[in-house]
Student: 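The structure's right below; bear with me while I get my questions together.
Order of appearance sets the numbers: ligands from 1, and atoms from 1 within every ligand.
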Amino acid sequence: MSLTNKILLGMVLGVLVGVMLNLLLGLDETQTTATTTYGQWIQVVVINGVLDAIGQIFVASLKLLVVPLVFVSLVCGAASLGGHSRMGALATKTVLLYLLTTALAIALAIGIALIVEPGAGVDMAVASNFTTPTAPSVKDTFINIFPSNPIQAMAEGNMLQVIVFSILFGVAISRTSGEIGKSMATFFAHLNEVVLKMVMLLMQLAPYGVFCLLVKLFSSLGFGAILDLAKYFFTVLFVLLLHAFGVYGALLTLVTQLNPVVFFKKMWKVVVFAFSTASSNATLPITLRTVEHDLGVDNKIASFSVPLGATINMDGTAIMQGVATVFIAQAYNIDIGIAGYLMVILTATLASVGTAGVPGVGLVTLAMVLQSVGLPVEGIALIIGVDRFLDMVRTAVNVTGDAAVSVIVGNSEKMLDRTRYENMTLNAETDPV
Ligand code: ASP
């Protein structure tokens with residue numbers, strides 16, 4: 001069986017076993033410990049013990065790769081692009097496309113939520129004893145892009161700062177003349193191969209890691225909460241799927257004339273990683289590998305666009321924030337009007353830039369969106385119960401967006417290998433780097 005199929009099997013089994021355990025042990029958001037002694041043993045030793053340990057080791061091994069991979073890959077990309085006069089235009093195009101797709105995502109979310117009215121007639125009693133999260137300001141988010149200490153940026157996994165430093169380093173290599181510049185570029189190209197090999201080695205763990213993560217998550221998920229918030233939950237889910245398949249599919253077809261079915265098939269593995277880790281950052285090694293190797297985007301583009309996307313492009317998160325804003329406005333019976341919703345599109349697009357690619361942060365930056373239009377931040381308490389599952393799905397949409405934009409930019413810069421894109425027999429796990 002191929003590794004991709006094993007990973008898929010791990011996902012399906014993980015969800016099934018998790019849901020079964022959840023029903024068997026009777027766990028939900030109010031009942032967090034099993035009632036029988038046998039059930040408690042399973043919970044403590046199996047779920048929170050062995051499975052949790054393996055799941056955490058798996059996520060740690062993915063995160064371990066992120067900084068070395070982004071640094072080395074981006075230095076390589078920038079070093080070979082450094083002399084290229086289009087570098088600035090390329091970066092601008094990528095950022096604009098990221099912002100545009102996010103704004104589109106949130107407009108779609110608001111539009112559909114206004115029709116469905118998910119928040120009409122909601123009981124707000126739960127929101128009373130909720131501590132408001134503090135969201136970072138737009139100014140701080142911007143200042144934070146520029147590193148004062150690259151080692152600290154790497155140690156803290158501050159991706160925007162690592163990106164800025166790596167580009168500078170790569171450009172400097174390309175401008176260093178003679179043997180020194182050449183040998184440094186070769187050194188980093190070799191290092192890149194070694195780091196990619198590490199990605200492949202650690203991916204062997206994936207089927208087991210995915211299984212353990214999903215059993216743990218689904219066994220403790222409160223399915224009751226999903227029923228209580230069914231309208232909100234399914235509206236978010238619907239817009240997420242519509243955006244992923246409809247908007248990205250249409251963009252790929254119209255702008256690049258590529259077959260979107262191939263894109264989605266090749267992205268499956270990445271989607272499973274994003275779904276089980278709920279973290280764009282942890283998924284980054286797999287996204288980068290798939291975008292370069294399977295979808296055929298040149299390293300010069302992918303090494304920049306994928307890490308940048310994992311950090312600033314969060315269409316799925318923006319969709320959740322759009323629906324959540326409408327939901328909270330309706331639950332509190334506050335009409336924020338057209339101007340209010342335009343403001344939401346603007347702030348949620350910025351919030352998406354400021355949302356780190358780790359689990360649950362979208363809910364924190366939602367505070368910033370709500371504040372911008374004077375909605376009560378305590379409203380977040382109403383939707384927190386179903387956020388874990390939505391986080392998994394929206395992260396999958398976030399990374400799909402990163403890959404779609406990378407393909408579009410690659411194609412427009414003539415740095416997309418279309419034959420490679422269309423070749424369905426490629427196998428990133430076994431092919432030499
Ligand atoms: N978990 C999301 C991600 O990593 C961010 C969020 O919406 O909380 O992409």
Student: Going by the atom numbers of ligand 1, which of them fall below 4.0 Å from some non-hydrogen atom of Thr395?
Tutor: 1 (N), 2 (C), 3 (C), 4 (O), 9 (O)
Student: Start with the C-alpha gap between Tyr248 and Asp315, add the side-chain angles, then the distance that decides, and say whether side-chain contact (heavy atoms from CB on, under 4.5 Å) holds.
Tutor: CA-CA 11 Å; Tyr248 298 144; Asp315 293 3; 2.5 Å; yes
Student: Can you tell me which portion of Arg394 lies within the under-4.0 Å heavy-atom range of ligand 1? Options are side chain, backbone, both, or neither.
Tutor: side chain
Student: Apply side-chain contact (heavy atoms from CB on, under 4.5 Å) to residues Asn144 and Leu160 and explain how you reach the verdict.
Tutor: CA-CA 8 Å; Asn144 221 7; Leu160 283 180; over 6 Å; no
Student: What part of Val358, side chain, backbone, both or neither, has a heavy atom within less than 4.0 angstrom of ligand 1?
Tutor: backbone
Student: Which ligand 1 atoms does Asp391 reach within 4.0 Å, using its non-hydrogen atoms?
Tutor: 1 (N), 2 (C), 6 (C), 7 (O), 8 (O)
Student: Does Lys231, at its NZ atom, have more than 12 non-hydrogen atoms belonging to other residues, nucleotides or ligands within less than 6.0 Å?
Tutor: yes
Student: How close do Thr283 and Ala274 get, heavy atom to heavy atom, and via which atoms?
Tutor: OG1-CA, 3.4 Å
Student: Using a strict cut-off of 4.0 Å, indicate which atoms of ligand 1 neighbour a heavy atom of Gly362.
Tutor: 6 (C), 7 (O), 8 (O)
Student: Before signing off on this row, confirm whether Val361 and ligand 1 have an N or O atom pair separated by under 3.5 Å.
Tutor: yes
Student: Please name the residue in the list Val66, Leu202, Leu64 that meets the side-chain contact (heavy atoms from CB on, under 4.5 Å) test with Pro285.
Tutor: Val66
Student: For Met314, take its heavy atoms, then give the atoms of ligand 1 lying under 4.0 Å from any of them.
Tutor: 9 (O)
Student: Output yes when a side-chain donor or acceptor of Lys266 lies under 3.5 Å from a complementary backbone atom of Tyr421, and no otherwise.
Tutor: yes
Student: Among all protein non-hydrogen atoms, which one is nearest to atom 9 (O) of ligand 1, and what is the separation to 0.1 Å?
Tutor: Ser280 OG, 2.4 Å
Student: Taking only heavy atoms of Thr317 into account, list the atoms of ligand 1 that are under 4.0 Å away from them.
Tutor: 5 (C), 6 (C), 7 (O)
Student: Under a 4.0 angstrom heavy-atom cut-off, which atoms of ligand 1 come close to Asn398?
Tutor: 2 (C), 3 (C), 9 (O)
Student: Hey, are Asn313 and Thr102 close enough side-chain-wise for a donor-acceptor pair under 3.5 Å?
Tutor: yes
Student: Quick one: which ligand 1 atoms are inside 4.0 Å of a heavy atom on Gly360?
Tutor: 8 (O)
Student: If the condition is ring pair (Phe, Tyr, Trp, His ring centres under 6.0 Å), which residues does Phe211 pass it with, not counting sequence neighbours?
Tutor: none
Student: Quick check on contacts: which atoms of ligand 1 are under 4.0 angstrom from a heavy atom of Ala278?
Tutor: 1 (N), 4 (O)
